[in-house]
2 protein chains.
Amino acid sequence: MNLLEVIKSLSNQTRLNILTWLKDPFACFPAEELADYSPALGVCVSDIAKKAEMSIPTVSVYLKNMSTAGLLVATRKDQWTYYKRNEDAIQQLAQLIKDNL
Amino acid sequence: MNLLEVIKSLSNQTRLNILTWLKDPFACFPAEELADYSPALGVCVSDIAKKAEMSIPTVSVYLKNMSTAGLLVATRKDQWTYYKRNEDAIQQLAQLIKDNL
DNA sequence: TAGGTATTTAGGTAAATACCTAAATTTGTT
DNA sequence: AACAAATTTAGGTATTTACCTAAATACCTA
């Protein structure tokens, strides 16, 4: 885990919001958009962009940024890319701050 | 604690370094500069700037930034400003990431 | 009060980040 | 093959951040 890379990835309100929305998709996204929701996959780019009220390209790069940093896991299925949280990485980050920062 | 403010404060390698140097000043700063060191005060601006190999004004604003965010505690004594870590804030951050992020 | 040391504030430039729209790509369906 | 949907890549502008030097301020001591 590259601490600076992870922290930079979190240093934006929208990206921080996305991470918390993905904790509980049913509470944060309209039910009809989660018709085919599976915890193993997560939520697709355009649903997240709509929730964020930002353009799809912007959110697409945010999501890629977060998955490169290790905070999210991307899964391509058909023409969709789904993103879910990487809980292990988030706990690892908390531990690293607790012990080493 | 304003999470975004704290994270932004940490999103720079030099500021991250400063925080870790202050964990163990004796290991990280030359002994002669710590002649009057006290854990209650910490280390002064110019000693930190020298260690960081950056200009004093730049490091001065970094330190103020981190203390505004709550990560450091500043103490003015005579013509020096000393900075030390705010351990409580750092542990609070770790806990917040663990539980709420 | 004059002079010295430490720090802060002001003001500037270069690089990075935050967004956007348009174009290209991927993948599924007629 | 042709079209459509979702995403990514490219390319652009505005804002923020990362630094610096010079000037101003704070605080000490003679």
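Letters A, B, ... are given to chains in the order of the sequence lines, protein chains preceding strands, and every chain is numbered from 1. None of these values were measured; they are calculated from a predicted model.
- Residue B:T81 is in sugar-phosphate contact alone, with no base atom involved, counting any heavy-atom pair closer than 4.0 Å across all strands shown.
- Here D:dT17 sits opposite C:dA14 as a Watson-Crick or G-U wobble pair (both hydrogen-bonding atom distances under 3.5 Å).
- At a threshold of 4.5 Å between non-hydrogen side-chain atoms, the residues B:R15 and B:N65 count as touching.
- By the 4.5 Å heavy-atom criterion applied to side chains, A:E33 and A:K51 are not counted as neighbours.
- Here the options are A:R85, A:K84, A:Q91, the test is side-chain hydrogen bond (donor to acceptor under 3.5 Å, both in side chains), and the partner is A:E87; only A:R85 passes.
- The closest side-chain heavy-atom distance from B:F29 to B:I48 is below 4.5 Å.
- Counting only N and O atoms by type, the side chains of B:Y82 and B:D36 include a donor and acceptor under 3.5 Å apart.
- Figure legend. D:dC3 is base-paired to C:dG28; pairs are counted as Watson-Crick or G-U wobble with both atom distances under 3.5 Å.
- Residues passing the side chain to side chain donor-acceptor pair (under 3.5 Å) test with A:Q92, sequence neighbours excluded: none.
- Across the protein-nucleic acid pair, A:L4 atom CG and D:dT17 atom P stand 15 Å apart, rounded to whole Å.
- If you look at A:F26 and A:Y37, their ring centroids are closer than 6.0 Å.
- A residue-by-residue look at A:I56 and B:P57 shows that B:P57 has its nearest nucleotide of DNA chain C further toward the 5' end.
- Where A:W80 and A:T58 meet DNA chain D, the nucleotide closest to each residue was compared, and A:W80 sits on the side nearer the 5' end.
- Per the geometry, CD1 belonging to B:I18 stands 10 Å off P belonging to D:dC19, to the nearest Å.
- Of the side-chain N and O atoms in A:K64, none sit less than 4.0 angstrom from OP1 or OP2 of D:dT8.
- Between the CG atom of B:L63 and the P atom of D:dA18 there is a distance of 14 Å, given to the nearest Å.
- A sub-4.0 Å separation between OP1 or OP2 of D:dA6 and a side-chain N or O of A:S46 is absent.
- Note: CG (B:L16) to P (D:dA18) measures 12 Å, nearest angstrom.
- The side chain of A:R76 places no N or O atom within less than 4.0 Å of a non-bridging phosphate oxygen (OP1 or OP2) of D:dA6.
- The nucleotide D:dC28 finds its pairing partner in C:dG3, both defining distances of the Watson-Crick or G-U wobble pair being shorter than 3.5 Å.
- For the pair B:N65 CG and D:dT16 P, the interatomic distance rounds to 15 Å; values are reported in whole Å.
- Atom CD of B:E53 is separated from atom C1' of D:dC19 by 15 Å (rounded to the nearest Å).
- Dashed line: the shortest gap from a side-chain N or O of A:Y82 to OP1 or OP2 of D:dA6 is not under 4.0 Å.
- Atom CE of B:M66 is separated from atom P of D:dA18 by 11 Å (rounded to the nearest Å).
- Judged by distance alone, the side chain of B:T68 and the main-chain N or O of B:K64 form a donor-acceptor pair under 3.5 Å.
- Here the range on DNA chain C touched by chain A, meaning any atom under 4.0 Å from one of its heavy atoms, is C:dT17 to C:dG28.
- Of all nucleotides listed (D:dA18, D:dT7, D:dT17), D:dT7 comes nearest to the side chain of A:C44.
- The phosphate of D:dT17 has neither OP1 nor OP2 within less than 4.0 Å of any side-chain N or O from B:N12.
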